[in-house]
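One is the number of the first residue; the rest follow in order along the sequence.
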Amino acid sequence: QVQLVESGGGLVQAGGSLKLSCEASGFTFSSYNMGWFRQAPGKDREFISVITSSGGTTYSGEVLKGRFTLSRDNAKNTVYLQMNSLKPEDTAVYYCARRMATGTFRSKDNYDYWGQGTQVTVSS
C-alpha cells in the first residue's frame, strides 16, 4: 500500500535551518509529482511547494519562496524540504503528499495520499 513517512522535524531557534525528508513506498515514486504542505494550529493546511516527477521543476507558494527549497532523489524514493531562516510563524506540522494527475497543485484536494506529518517548532 502507499505510504509516506516524514522525518526531520524538531525544535529550532529562529534563524536556524531544518531539512525534512519524506520516504515513499508502495508506488512508482518517479512517476508522481510530490508536494509539501503545513498546518498550524487553528489554520487551514497551507501549500508550500511541489516538485515534478523528474525533479526538474518546482513551484512554491509566494510567501515561502527563497527560504524553502524542495528536492527529490528518485533512487531513494525520497523528497526533501530544506528550510532556512526559520521564523516562529513557521511553527506547524509539515506534511508531504502525492499529487494526483489533475487539478491545481496549490489545492490540498488534488493530493491523494498524505504522510502522518512531522512537527516543526521554531522558538524566538
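Pairs engaging residues 73-85 under the salt bridge (charged side-chain N to carboxylate O under 4.0 Å, His left out) rule: none recorded [sequence neighbours left out]. The stretch residues 1-24 participates, sequence neighbours left out, in no ring pair (Phe, Tyr, Trp, His ring centres under 6.0 Å) pair at all. Here salt bridge (charged side-chain N to carboxylate O under 4.0 Å, His left out) pairs that include residues 110-124, with residues two or more places apart or in two chains, are Arg98-Asp112.
Residues satisfying the ring pair (Phe, Tyr, Trp, His ring centres under 6.0 Å) test with Tyr32, not counting sequence neighbours, are Phe27. For Ser107, the side-chain contact (heavy atoms from CB on, under 4.5 Å) partners at least two apart in sequence or on another chain are Thr104, Asp109, Asn110. Under the rule for a side chain to side chain donor-acceptor pair (under 3.5 Å), Gln3 has no partner lying at least two apart in sequence or in another chain. With sequence neighbours left out, the side chain to side chain donor-acceptor pair (under 3.5 Å) criterion links Ser25 to no other residue. Not counting sequence neighbours, the partners of Thr28 by the side-chain contact (heavy atoms from CB on, under 4.5 Å) test are Ser30, Ser31. Under the side-chain contact (heavy atoms from CB on, under 4.5 Å) criterion, Gln39 pairs with Arg45, Tyr95, not counting sequence neighbours.
To the nearest 0.5 Å, atoms CG (Asn77) and CD (Glu23) are separated by 7.0 Å. With rounding to the nearest 0.5 angstrom, the OH atom of Tyr80 is 6.0 Å from the NZ atom of Lys19.
No single ILVMFWY cluster, assembled from side-chain heavy atoms under 4.5 Å apart, contains both Met100 and Leu4. Note on Val5 and Trp114: separate hydrophobic clusters, where clusters join Ile, Leu, Val, Met, Phe, Trp and Tyr whose side-chain heavy atoms are under 4.5 Å apart, directly or indirectly.
No side-chain donor-acceptor contact under 3.5 Å links Glu6 to the backbone of Leu20.
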All N/O donor-acceptor pairs, side-chain side in residues 47-58, below 3.5 Å, sequence neighbours left out:
unit_1: Ser49; atom_1: OG; unit_2: Tyr59; atom_2: O; d: 3.0
unit_1: Ser49; atom_1: OG; unit_2: Ser60; atom_2: OG; d: 3.0
unit_1: Thr52; atom_1: OG1; unit_2: Gly56; atom_2: N; d: 3.4
unit_1: Thr52; atom_1: OG1; unit_2: Thr57; atom_2: N; d: 3.1
unit_1: Thr52; atom_1: OG1; unit_2: Thr57; atom_2: O; d: 3.3
unit_1: Ser54; atom_1: OG; unit_2: Gly56; atom_2: N; d: 3.2

Would you mind writing out the side-chain donor-acceptor pairs for residues 84-94 within the sub-3.5 Å range, not counting sequence neighbours?
unit_1: Asn84; atom_1: OD1; unit_2: Ser17; atom_2: OG; d: 3.0
unit_1: Asn84; atom_1: OD1; unit_2: Gln82; atom_2: NE2; d: 2.9
unit_1: Asp90; atom_1: OD1; unit_2: Arg38; atom_2: NH1; d: 2.8
unit_1: Asp90; atom_1: OD1; unit_2: Arg67; atom_2: NH2; d: 3.0
unit_1: Asp90; atom_1: OD2; unit_2: Arg67; atom_2: NH1; d: 2.8
unit_1: Asp90; atom_1: OD2; unit_2: Arg67; atom_2: NH2; d: 3.4
unit_1: Asp90; atom_1: OD2; unit_2: Lys87; atom_2: N; d: 2.8
unit_1: Thr91; atom_1: OG1; unit_2: Pro88; atom_2: O; d: 2.9
unit_1: Thr91; atom_1: OG1; unit_2: Val122; atom_2: N; d: 2.9
unit_1: Tyr94; atom_1: OH; unit_2: Arg38; atom_2: NH1; d: 3.1
unit_1: Tyr94; atom_1: OH; unit_2: Asp90; atom_2: O; d: 2.6

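The side-chain heavy atoms of Leu11 and Ser123, taken from C-beta on, include a pair separated by under 4.5 Å. In this structure the side chain of Arg99 reaches within 4.5 angstrom of the side chain of Phe105, judged on heavy atoms. Annotation: side chain of Trp36 is in contact with side chain of Val79 (closest heavy-atom distance under 4.5 Å).
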(request) Tell me, with the steps shown, if Met34 and Tyr111 meet side-chain contact (heavy atoms from CB on, under 4.5 Å). (result) CA-CA 9 Å; Met34 298 294 296; Tyr111 293 78; over 6 Å; no

